[in-house]
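Report on the structure given below.
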Amino acid sequence: MLSSCPDCSAALAVLRIIPGRAGAEYWTMRCTRCGGIHLDIVNPSTAPLTA
């Protein structure tokens with residue numbers, strides 16, 4: 001899972017999580033510096049816990 005922008009190395013903010021096939025999730029993230037949008041496919045068992 002991406003934790004920093006591959007273009008400028010800044011932090012990524014999660015915009016949306018969409019359920020996918022076979023239990024996977026599609027995470028849409030936006031860079032806090034350059035504004036780039038990145039999509040990552042995450043297996044929920046490896047997703048970080050959020051408070």
Side-chain angles (χ1 to χ4, degrees):
M1 179 172 71
L2 292 173
S3 60
S4 61
C5 179
D7 298 327
C8 71
S9 300
L12 294 173
V14 176
L15 297 176
R16 184 174 296 169
I17 300 173
I18 302 168
R21 290 183 167 184
E25 295 174 338
Y26 296 93
W27 288 35
T28 305
M29 297 170 279
R30 182 179 201 118
C31 177
T32 57
R33 182 184 301 153
C34 72
I37 301 293
H38 305 282
L39 179 68
D40 205 356
I41 300 171
V42 179
N43 183 340
S45 64
T46 61
L49 297 176
T50 57

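We're numbering straight along the sequence, starting at 1. Every heavy atom of this structure was used, including side-chain atoms; hydrogens, water molecules and symmetry mates were not.
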Would you mind writing out the side-chain donor-acceptor pairs for residues 31-38 within the sub-3.5 Å range, not counting sequence neighbours?
residue : atom : partner : partner atom : Å
T32     : OG1  : A11     : O            : 3.1
R33     : NH1  : C8      : O            : 2.9

Closest non-hydrogen atom pair between I41 and A24, with its separation: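 Shortest heavy-atom separation between I41 and A24 comes out as CG2-CB, 4.0 Å.
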Atom of L15, atom of R30 and distance for their closest heavy-atom approach: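 In terms of heavy atoms, the two residues are closest at CD1-CB, 3.7 Å.
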Reported CG-to-CE distance for the pair L39 and M29, which is rounded to 0.5 angstrom: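 Going from CG on L39 over to CE on M29, the span is 7.5 Å.
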